[in-house]
Amino acid sequence: MPELPEAETVRAQLEPQLVGERILYSWARTARITAPSIDEFSARTQNQTIVAAKRRGKQIYFPLQSGDSLLVHLGMTGRLHVEDDAQFESDALHRHIQGVLRLSNGKRLVFTDPRTFGKLGVTRELDFLKKMGPEPLGDDFDAEKIVQKLAKKNVRIKAAILDQNLVAGLGNIYADEVCFLARIHPETLASQIPIEKLRELVGTMRPTLERAIAARGATLKDGGYQDTFGQFGEFIPQIYGRKGEGCDNCGALIERGVLGAGKTARSYHFCPNCQKK
DNA sequence: AGACGTACCTGACCGC
DNA sequence: TGCGGTCAGGTACGTC
């Protein structure tokens with residue numbers, strides 16, 4: 001699923017294709033995905049020039065000449081493609097088109113999202129980006145501040161680092177990955193983890209995300225994620241999705257667990273030997 | 001205010 | 001083969 005490395009890959013690929021282009025026409029399928037409304041989305045994006053391609057955590061946004069920004073969150077199954085505007089696409093995914101922007105360079109930006117957990121919006125208000133937790137790739141990333149916050153949290157560590165208000169950009173894949181790299185069981189209460197372990201955990205976030213970006217993100221066995229060219233990500237997680245396989249570190253069989261219950265349940269993967277409670 | 005529970009959605013997968 | 005049930009999970013919001 002798209003997390004920070006996947007969002008960054010998409011952003012970087014779109015930047016040279018979109019910046020400086022004018023949006024001739026825009027269309028969105030449903031108000032459930034599009035904010036504030038379909039009509040307003042079109043009105044505020046049409047005839048606007050895209051001035052930049054930015055990202056914050058998993059959020060991708062494109063400042064427009066008007067001062068508004070076009071916002072995209074890929075959710076779980078969202079994809080952004082740039083294709084020739086004249087081309088007819090019969091790809092099965094195109095049944096799930098949620099939005100289209102026709103551009104002045106003869107291309108169009110297409111947002112598809114089968115499971116519709118994604119978001120497509122336009123807003124002038126970007127304060128919510130500032131309220132998110134620190135950006136792991138940012139120059140001012142203060143790992144120690146996060147360590148101190150975690151030390152006070154009475155929440156299981158996996159849930160804690162998935163919280164976008166603590167640190168922005170981790171999802172299920174990379175949260176599992178950093179727990180594995182720091183040898184911490186995902187269900188351990190954050191407040192019960194030795195401070196040095198927490199430092200190890202937070203310290204591994206940035207290099208892990210950077211390695212994933214270098215591989216253009218991760219595509220799981222379901223093939224869900226594709227970059228803007230339809231290519232799969234080549235980052236291979238050491239732990240997520242590898243239930244029953246041997247741990248890279250010790251060879252023990254990787255197990256899968258579930259955090260929470262009912263509709264809230266989130267799966268996690270761990271090595272029972274390297275990550276003891 | 002922090003912790004936790006609920007809802008959204010549909011392709012893929014599983015068991016009978 | 002076909003069909004119905006279950007799973008997956010990012011995030012907003014409600015509740016205690």
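Just so we're on the same page: letters track the sequence lines, and every chain starts at 1.
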*Between C/dG10 atom C1' and A/Leu166 atom CG, what is the distance in whole Å?*
16 Å
*asked:* Before we go on, tell me: are the rings of A/Phe235 and A/Tyr174 under 6.0 Å apart, centre to centre?
replied: yes
*Examine C/dT11: is either OP1 or OP2 under 4.0 Å from a nitrogen or oxygen in the side chain of A/Lys58? Give yes or no.*
yes
*asked:* Distance check, rounded to the nearest 0.5 Å: A/Ile23 atom CD1 versus A/Gln65 atom CD?
replied: 10.5 Å
*Over all atoms of both residues, closest heavy-atom pair of A/Pro134 and A/Phe141*: CB-CD1, 4.0 Å
*Between atom CE in A/Met76 and atom C1' in B/dA7, what is the gap in whole Å?*
15 Å
_Length of the CG-C1' vector between A/Asn165 and C/dA12, whole Å_ = 11 Å
*Contact under 4.0 Å: A/Arg32 side-chain N or O vs B/dC9 OP1/OP2*: yes
*Rounded to the nearest Å, what distance is computed from the NZ atom of residue A/Lys131 to the P atom of nucleotide C/dT11?*
16 Å
*asked:* Check the phosphate of C/dG10 against A/His73, side-chain N and O only, distance under 4.0 Å to OP1 or OP2. Yes or no?
replied: no
*asked:* On DNA chain B, does the nearest nucleotide to A/Phe117 precede the nearest nucleotide to A/Lys153 from the 5' side, or the other way round? Give the residue.
replied: A/Lys153
*Is the closest basic N to carboxylate O distance between A/Arg108 and A/Glu83 below 4.0 Å?*
yes
*Output yes when at least one side-chain N/O atom of A/Gln164 is less than 4.0 Å from OP1 or OP2 of C/dT11, else no.*
yes
*Nearest of B/dA7, B/dC9, B/dA3 to any side-chain atom of A/Asn154?*
B/dA3
*For the pair made of CD in A/Gln98 and P in B/dC9, what is the distance, rounded to whole Å?*
11 Å
*May I have the distance from A/Leu162 (atom CG) to B/dA3 (atom C1'), rounded to whole angstrom?*
15 Å
*Under 3.5 Å, is there an N or O donor on one side and an acceptor on the other linking the side chain of A/Arg115 and the base of C/dG10?*
no
_Please determine whether a side-chain nitrogen or oxygen atom of A/His96 lies at a distance below 4.0 Å from atom OP1 or OP2 of B/dC9._
no
*Whole angstrom is fine here: how far is it from CG in A/Asp113 over to P in B/dT10?*
10 Å
*In whole angstrom, what separates A/Phe128's CZ from C/dA12's P?*
8 Å
*Is there a donor in the side chain of A/Gln98 and an acceptor in the side chain of A/Asp113, or the other way round, less than 3.5 Å apart?*
no
